[in-house]
Protein chains: 2
Amino acid sequence: MDSVSKMDILKSYLETKGLKSTSQRDYIADIFFKTNTHISLEELLKKVKRKNTNIGYATVYRTMRLLTECGLAISRQFGDGQTRYENLPEDGHHDHIICIKCSKIAEFQNQKIEQLQVEAAKKLGFTVVNHKLELYGYCPDCV
Amino acid sequence: MDSVSKMDILKSYLETKGLKSTSQRDYIADIFFKTNTHISLEELLKKVKRKNTNIGYATVYRTMRLLTECGLAISRQFGDGQTRYENLPEDGHHDHIICIKCSKIAEFQNQKIEQLQVEAAKKLGFTVVNHKLELYGYCPDCV
DNA sequence: ATAATATTGATTTTCATTTTCAATTTCAAG
DNA sequence: CTTGAAATTGAAAATGAAAATCAATATTAT
Ligand SMILES: [Mn+2]
Ligand SMILES: [Mn+2]
Ligand SMILES: [Zn+2]
Ligand SMILES: [Zn+2]
């Protein structure tokens, strides 16, 4: 999905909630849509401020909440005490492996694991709505 | 493992670190060893205060850090903003499924999933040191 | 007993997140 | 183009859990 269609989704979400499309929201969303990392609020604010000095932290925070609500952003907690956001992946859900030395993040998909999760839950009478799977270890560069 | 041997492990850990065994530490550890839930610091403090009014939050906090360091306690973050502690399980590592309605926590072990995780990491050149797997959904009581 | 060292618990600090609020902007109606 | 209601903004304050500080107290070896 390209930035334009994402912006359309955001705008129609705002409309359904009786919220307004503003230049700040648009700009923050645009910058976010162009990032392909797992970005923190501080990092995003820094990027946004480069061209738009007067945008505040609170607006970035609120915009990311909106993007998360409408499914265009996914919030992640990798245990470093900071919430990070990533764009809704093209190719569906993925999980993460994080280097405990250099903090590099790699992504992977494993349909077998997903399936076994649902089965494990079923055995306990649970229905799975979502899950969090994070592997921690050493990346190729850190041995 | 019984509380007595756990206390022995704690005491020898303290010794190696040049730390002292105290009545507060012993009491907090004893109460913790007897819990079989995923307990928060606040909850543990409350339990401890029932018989020992003068023990402070900071000592409970520090004791749980010691227990975590020496492997007798495992700290967990289930996304409610509070760190929870559980006793080192008898039967090895397990993962969790949490009810998003009533917060009930169930545990499960799945060797196949563990194995697939290592394989998925290997494909990316990573070595897994530890992992976090949490399923979120509805428990049998909450449909 | 003495001195060195560790512990305690109240308090303060830290820090990310969330909320508040007065000023500003947007937008539909006249 | 005005007007006024409603939403937005950004600075600042509040929140809350975790971590650190520190003076008073307790422990330990000599
Ligand atoms: Mn990702
Ligand atoms: Mn458990
Ligand atoms: Zn690395
Ligand atoms: Zn439930």
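Below, read A as the first sequence line, B as the second, and so on, with proteins coming before strands; counting in each chain starts at 1.
- For the pair B:Y57 and D:dA18, the criterion of a side-chain N or O lying under 4.0 Å from OP1 or OP2 is met.
- A:Y27 places its OH atom 13 Å from the P atom of D:dG10, with the value rounded to the nearest Å.
- One N or O on the side chain of B:N87 and one on the backbone of B:F32 form a donor-acceptor pair closer than 3.5 Å.
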Report the C-alpha separation of A:Q115 and A:Q111 in whole Å, then their side-chain angles, then the decisive distance to 0.1 Å, and conclude whether the side chain to side chain donor-acceptor pair (under 3.5 Å) test is met. CA-CA 6 Å; A:Q115 183 194 322; A:Q111 207 43 55; over 6 Å; no
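- Under the side-chain hydrogen bond (donor to acceptor under 3.5 Å, both in side chains) rule, A:H38 has a single partner from A:E107, A:E43, A:R84, which is A:E107.
- A donor-acceptor contact shorter than 3.5 Å is absent between the side chain of B:D26 and the backbone of B:S21.
- Residue contacts shown for A:T22 are limited to sugar-phosphate atoms, with no base heavy atom under 4.0 Å away.
- C:dA16 atom P lies 14 Å from atom NZ of A:K46, rounded to whole Å.
- In this structure, of C:dT19, D:dG10, C:dT7, it is C:dT19 that holds the atom nearest to the side chain of A:R65.
- Per the geometry, CD belonging to A:Q82 stands 11 Å off P belonging to C:dC15, to the nearest Å.
- Mapping A:S21 and B:A58 onto DNA chain D by nearest heavy atom places A:S21 closer to the 5' end of the strand.
- Between the CD atom of B:E15 and the P atom of C:dA6 there is a distance of 14 Å, given to the nearest Å.
- Residue contacts for B:R62: at a heavy-atom cut-off of 4.0 Å it reaches a base atom on one of the strands shown.
- Regarding contacts with the backbone of C:dG9, a side-chain N or O of B:Q24 is found under 4.0 angstrom from either OP1 or OP2.
- Summarising the geometry, the separation between CD on A:Q77 and C1' on D:dA17 is reported as 15 Å, rounded to the nearest angstrom.
- One finds the CG atom of B:D141 at 3.5 Å from the NZ atom of B:K104 (value rounded to the nearest 0.5 Å).
- Rounded to an integer number of Å, the gap from CE of A:M64 to P of C:dA16 is 17 Å.
- Each of D:dA6, C:dT7, C:dT17 was ranked by its minimum atom distance to the side chain of B:K20; first place goes to C:dT7.
- A straight line from CG of A:L41 to C1' of C:dT17 spans 9 Å, rounded to a whole angstrom.
- Spacing between atom CG of B:N52 and atom P of C:dT8 amounts to 11 Å, rounded to whole angstrom units.
- Of the two residues near DNA chain D, B:D80 and A:K49, the one whose nearest nucleotide lies more 5' is A:K49.
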